Colleague: 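Structure below; questions to follow.
Quick caveat: nothing in here was measured; it's all calculated off a predicted structure. Order of the sequence lines sets the chain letters (A, B, ...), proteins ahead of strands, with each chain counted from 1.
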Protein chains: 2
Amino acid sequence: MGKARVQGRHAGLTRGHVLEAAVRLADRDGVASLSMRKLAAELGVEAMTLYHHVRNKQGLEDAIVEHVLAESLRPPRAGASWQEVVAAHADELHRGLNRHPGAVILFATRPAVTPATLVVLESLLRVLRDAGFAPRTALHLIYAVASAVVGQHLAADGAAATPPDAVLIAADGLPVVAAALADGPVTVESRIEVTVTALIAGFETILARDENRPRGMDPPARGTGLE
Amino acid sequence: MGKARVQGRHAGLTRGHVLEAAVRLADRDGVASLSMRKLAAELGVEAMTLYHHVRNKQGLEDAIVEHVLAESLRPPRAGASWQEVVAAHADELHRGLNRHPGAVILFATRPAVTPATLVVLESLLRVLRDAGFAPRTALHLIYAVASAVVGQHLAADGAAATPPDAVLIAADGLPVVAAALADGPVTVESRIEVTVTALIAGFETILARDENRPRGMDPPARGTGLE
DNA sequence: ACCTGAACACCGTTCAAGT
DNA sequence: ACCTGAACACCGTTCAAGT
């Protein structure tokens with residue numbers, strides 16, 4: 001067939017090629033159907049060859065997450081307010097997940113604590129600290145926004161899997177649910193926008209409260225019934 | 001061996017037994033290692049037998065989610081404020097995921113739109129509507145809280161998989177990250193509590209804004225840079 | 001160093017067959 | 001109706017072997 005390569009001959013395969021193909025396949029068919037064997041076939045290589053460029057399948061998945069994050073996140077714009085920086089961060093994450101739908105589940109599963117992401121995190125936290133947030137509260141804010149964005153993508157993917165008609169029928173006899181769905185389907189964009197808007201407004205409140213406290217004190221929990 | 005059962009003899013297996021065993025195995029070893037074959041073995045039955053009680057593996061996973069939700073969610077307490085109701089809902093979800101760690105990933109993956117969960121949703125939305133929220137805003141609020149809770153559990157599970165020392169070492173040279181982590185590890189409880197507190201405060205702001213608008217108008221998006 | 005081929009220990013699911 | 005056994009088409013990964 002001419003396609004066969006002689007053993008020992010270099011395929012010229014690099015980690016970058018492997019990753020690029022993995023992301024492409026994941027976006028096309030979903031991570032669930034991404035296998036080491038299929039990925040190898042796509043690259044014209046035996047499955048075992050991949051293990052020279054990636055520790056194992058988990059390592060491949062981690063690399064996909066890093067790849068998408070590196071491609072999506074940018075340092076905060078100088079001079080922007082913390083609200084703008086947080087909203088922009090959410091938007092970058094959202095666009096990244098939109099561009100790479102296959103990677104969404106991996107974002108929920110793999111931690112992605114790499115030097116590169118930590119540098120971005122540091123720059124975000126610095127903006128928040130300069131705005132008056134305690135470092136730990138700032139971390140909570142970033143965590144909250146990130147997992148809100150990922151969570152809404154996950155939920156939207158799940159919702160897309162169930163036919164909307166089924167929901168409308170099931171909502172029969174549930175007037176408020178029906179009213180909420182009456183204005184058309186709830187989009188990921190609207191869910192993320194509302195959630196991020198609420199989080200920013202909520203942390204504005206938390207910031208205002210904390211600034212009235214003596215410095216160096218840990219923000220005590222407000223009673224929410226969550227104990 | 002005595003354990004072998006004659007073909008055609010009823011094993012007395014019910015859907016309830018299958019589900020209970022599935023949840024137990026998922027909690028013990030994680031869903032990733034839960035297989036139809038292992039589950040069948042645990043029940044002293046052949047793998048194919050399970051297909052009489054469950055459509056397929058995806059159906060089994062959906063059933064696990066429903067099972068955990070049914071066990072965890074309760075109708076809102078009469079007379080409670082909307083803030084208390086929302087916080088209690090988050091807490092119930094949080095406890096359910098704590099009790100069934102194996103199910104967490106399934107919550108991120110499977111939608112869980114069942115008659116039972118829709119009834120709970122209706123009761124929650126009713127409380128929020130009575131408090132002055134537009135139905136759709138109320139839905140956004142519940143969505144935001146639910147995926148915040150699930151998201152924080154997912155992130156916590158992912159973080160638990162990476163050794164905290166590695167993070168501290170990587171955080172070297174990143175003073176604000178280091179400061180945020182200095183007070184000890186960030187727990188799921190604190191992450192959920194802060195996030196839910198922020199969301200409640202944020203939606204209080206949104207509610208106050210909407211109430212100053214003429215009735216029947218859709219809440220326009222506030223500029224967050226998310227467009 | 002990089003790639004292969006065979007093998008091991010698994011999967012979910014279908015299908016025909018048993019009682 | 002409920003359960004089984006064999007089979008199909010897959011998996012990730014190890015290991016020894018090739019150049």
Side-chain angles (χ1 to χ4, degrees), chain A residues 1-23 25-26 28-65 102-103 105-106 109-110 161, chain B residues 1-23 25-26 28-65 102-103 105-106 109-110 161:
Chain A
M1 294 277 120
K3 207 34 185 345
R5 208 170 330 89
V6 195
Q7 235 184 355
R9 262 321 204 307
H10 288 197
L13 197 62
T14 67
R15 198 171 194 268
H17 294 145
V18 173
L19 238 72
E20 189 205 343
V23 171
L25 282 189
R28 201 185 62 193
D29 307 322
V31 237
S33 89
L34 174 68
S35 72
M36 298 296 272
R37 287 165 130 112
K38 278 191 203 161
L39 175 57
E42 175 84 7
L43 290 162
V45 113
E46 290 301 307
M48 298 312 103
T49 303
L50 301 178
Y51 286 81
H52 287 280
H53 301 95
V54 142
R55 178 187 291 275
N56 50 25
K57 203 191 180 186
Q58 194 164 250
L60 177 70
E61 296 180 342
D62 286 344
I64 291 176
V65 173
I105 307 172
L106 299 181
T109 306
R110 312 298 317 157
Chain B
M1 299 268 122
K3 208 31 184 348
R5 207 168 333 87
V6 195
Q7 235 184 356
R9 260 322 203 305
H10 288 196
L13 197 62
T14 67
R15 198 170 194 269
H17 294 144
V18 173
L19 240 70
E20 189 205 343
V23 172
L25 282 190
R28 202 186 60 192
D29 306 323
V31 239
S33 89
L34 174 67
S35 74
M36 298 296 272
R37 289 165 130 110
K38 279 190 203 163
L39 176 56
E42 174 84 7
L43 290 161
V45 113
E46 289 302 306
M48 300 311 105
T49 303
L50 300 178
Y51 287 80
H52 287 279
H53 301 95
V54 142
R55 178 188 291 274
N56 50 25
K57 203 191 180 186
Q58 193 164 249
L60 177 70
E61 296 180 341
D62 287 343
I64 291 176
V65 173
I105 306 172
L106 299 181
T109 307
R110 313 298 317 157

Colleague: Whole Å only: how far is the CD atom of B/Glu46 from the C1' atom of C/dA16?
Modeller: 15 Å
Colleague: Rounded to the nearest Å, what distance is computed from the CZ atom of residue A/Arg55 to the P atom of nucleotide D/dT13?
Modeller: 11 Å
Colleague: Encode nucleotides 7-12 of chain C as B, S and - characters from 5' to 3', where the letter depends on protein heavy atoms closer than 4.0 Å: B to the base, S only to sugar-phosphate, - to neither.
Modeller: B---BB
Colleague: Search all heavy atoms of B/Val54 against all heavy atoms of B/Gly59 and return the closest pair with its distance.
Modeller: CG1-C, 4.3 Å
Colleague: Hey, does the side-chain of B/His52 have a donor or acceptor N/O within less than 3.5 Å of a partner on the base of D/dC2?
Modeller: no
Colleague: P atom, D/dA9 versus C/dA9: distance in rounded Å?
Modeller: 22 Å
Colleague: About how many Å separate NE2 of A/His17 and CG of A/Leu50, when rounded to the nearest 0.5 Å?
Modeller: 13.5 Å
Colleague: What dot-bracket string describes DNA chain D from 5' to 3', counting Watson-Crick and G-U wobble pairs whose defining distances are under 3.5 Å, with [ ] for crossing pairs and | for pairs to another strand?
Modeller: ||.|||||...|||||.||
Colleague: Quick one: closest heavy-atom pair of B/Ala21 and B/Leu43, and the distance?
Modeller: CB-CD2, 3.7 Å
Colleague: Atom CG of B/Leu43 and atom P of D/dC3: how far apart are they, to the nearest Å?
Modeller: 11 Å
Colleague: Restricting to non-hydrogen atoms, name the atom on A/Leu60 and the atom on A/Ala22 that form the minimum distance, rounded to 0.1 Å.
Modeller: CD1-CB, 3.9 Å
Colleague: Starting at CZ of B/Arg15 and ending at P of D/dA1, how long is that distance when rounded to a whole Å?
Modeller: 18 Å
Colleague: May I ask you to test the A/Arg15-A/Val18 pair for a side-chain heavy-atom distance under 4.5 Å?
Modeller: no
Colleague: So which heavy atom on A/Ala103 is nearest to which on A/Ile64, and how close?
Modeller: CB-CG2, 4.1 Å
Colleague: Which heavy atom in A/Lys38 sits nearest to a heavy atom in A/Ser33, and how many Å separate them?
Modeller: NZ-O, 3.0 Å
Colleague: Hey, are the side chains of A/Glu61 and A/Thr109 touching, using non-hydrogen atoms and a 4.5 Å cut-off?
Modeller: no
